[in-house]
Amino acid sequence: MNKAIVAVGVVVCAGLVAPKIIGSIVENKYDDIASRFVDHPSIEITERSFTSNWFSGQSITKMKLKGYAAEIDAMQIIVSEDFTFGPLIFASNNVSFALSHSNIDLDLEISTADQIEQENIAAFIEQLNEKLLISSTISYDLNYTTAIKMAATTFDEDGEQINIGAIDSEFTVTDEKYIDGYLNWSGLEFKSTEAHVLMSSLAVTFNQEMINGDIYSANALALGDFSTLIKSIVAHDANGDELLNIDNLAVSGGSKIKDALMNVTLKYGIEHFKAAGQELEQVNLDISLNKLDPKVLIELNEWANKMQQEPENIEFIGEQIMSTAIKLLVTNPEMNINDFSAMTPEGEIKSDLQLVIDHSLYEPANPMSILAALNADAKGVAPMPFFQQLGLEALINMYIEQGFILMKADEISFAAKYTQGQLTVNGKAIAL
């Protein structure tokens, strides 16, 4: 019986002492993260504090955005976090094992705002925090997950109304190297006397691995994938006439390392597009950039960050960016437009392009030698009636007469090659 009492006493004491120790661990974690924001090109932490009690704590961080207009420079964002320390966390009607859980509130200070503007800002922030719930959990392995939820809300001002749909998002940072998550947004509606715009649901997923740099300093080079889908965008003018109609706008991309070089892909797609009297289906653009040297990309990223930090040295930094970009040619990079196509009422438009740069033919002392280093191959087909209804028939006929475009029945086409300064179009050499 005595051993059982002692065991229970040890567990109880551990449960009482642990939160104080955990609070110190969480505070050190926040100190470490804040110290690494010193090199961030866009965010400056101007003031911060961390108060750690036995079972709870509070962090207040003030930050401003750098490198923007004076109006932005006068603005400070205040992030307030209220912590509950583990080992047992009671939050959101759940019990979990973690180092800490925090709920976050946002505030805004603008030093140049007058009293009326300050009151409007305060009212906006109050309404925002009523709708917005941001929480963060730090696990025992010092990884953290942030969840963002916002209820649908409406803002009215000067006869304009903005309806912001509900937001649900969550992302996890693991080992300060991996970040993955999602964002679901039910959309946005804008109403005024001049226009009515409605964007339906937005879905985003991402999975990234930092292979160089610091995730908190915006200088990291990442591998991974992302995808975005907007279900629809519709716009009408004041008379109710449709200006724009887009269905299923998708953007996705990815990057990976192959043979020590980076390959990047970007894909854009629209299922249905209607605007300015044009109606298209299955609009696609598929681009890939291959054989990029990651070390050079990292150097370019560093120079780009420096340009934002030192706008007074933009001319010098611009020269450094150009000289650094030339280093990408060493690996003979490739750019491919794998698919550029759309379905029109008159038929399909389809084209592609492959472009390779032969580094051995480029002379750094002679920038124009890049023309001799280029090797390109492009082709495309399209229905002639599509250009006729655009009023471009005369222009197309001129190109047909010159041999730049071929015509067969109602279809026009071209095939072009460019090799070491020589252009060939539809099998005919063209003098440059």
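None of these values were measured; they are calculated from a predicted model.
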Using only atom types and a distance under 3.5 Å, with no angle test, would you say the side chain of [X] pairs donor to acceptor with the backbone of [Y]?
{"X": "S80", "Y": "I60", "value": "no"}
{"X": "N263", "Y": "K291", "value": "yes"}
{"X": "T344", "Y": "G347", "value": "yes"}
{"X": "S192", "Y": "A195", "value": "yes"}
{"X": "N426", "Y": "G403", "value": "yes"}
{"X": "D237", "Y": "G240", "value": "yes"}
{"X": "E393", "Y": "M384", "value": "no"}
{"X": "S139", "Y": "N143", "value": "yes"}

For atom [atom1] of [X], decide whether the heavy atoms of other residues, nucleotides or ligands shown that lie under 6.0 angstrom number more than 12.
{"X": "F414", "atom1": "CZ", "answer": "yes"}
{"X": "D141", "atom1": "CG", "answer": "yes"}
{"X": "E315", "atom1": "CD", "answer": "no"}

Checking [Y] against [X]: is there a side-chain donor and acceptor pair closer than 3.5 Å?
{"X": "Q282", "Y": "H272", "result": "no"}
{"X": "D377", "Y": "Q354", "result": "no"}
{"X": "S227", "Y": "T205", "result": "yes"}

Smallest separation among heavy atoms of S59 and F50, with atom names: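 For S59 versus F50, the nearest heavy atoms are CB-CD1, 3.8 Å.
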If you compare all heavy atoms of S341 against all heavy atoms of E348, which two are closest, and at what distance to 0.1 Å? CB-OE2, 4.4 Å
S200: what forms a side chain to side chain donor-acceptor pair (under 3.5 Å) with it, not counting sequence neighbours?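 Testing S200 for side chain to side chain donor-acceptor pair (under 3.5 Å), a comparison that skips the adjacent residues, returns S232.
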Could you go through E170 and K149, starting from their C-alpha distance and side-chain angles, then the distance that decides it, and tell me whether this counts as salt bridge (charged side-chain N to carboxylate O under 4.0 Å, His left out)? CA-CA 9 Å; E170 183 175 294; K149 296 182 182 296; over 6 Å; no
Show, in sequence, the C-alpha distance, side-chain angles and deciding distance for F155 and F124, and conclude whether the ring pair (Phe, Tyr, Trp, His ring centres under 6.0 Å) test is met. CA-CA 9 Å; F155 295 99; F124 169 79; 5.2 Å; yes
Under 4.0 Å between a side-chain nitrogen and a carboxylate oxygen: does that hold for K231 and D247?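 Salt bridge: no.
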Pick out which of D293, N290, L289, L223 makes a side chain to side chain contact (heavy atoms under 4.5 Å, CB included) with M262.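 Running side chain to side chain contact (heavy atoms under 4.5 Å, CB included) over D293, N290, L289, L223 with M262 returns exactly one hit, L223.
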Please round to the nearest 0.5 Å and tell me the distance separating atom CD of E209 and atom CG of D175. 10.5 Å
Between atom CH2 of W303 and atom CD1 of I321, what is the distance when rounded to the nearest 0.5 Å?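 Separation between the atoms: 8.5 Å.
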F171 ring center within less than 6.0 Å of Y178 ring center: no
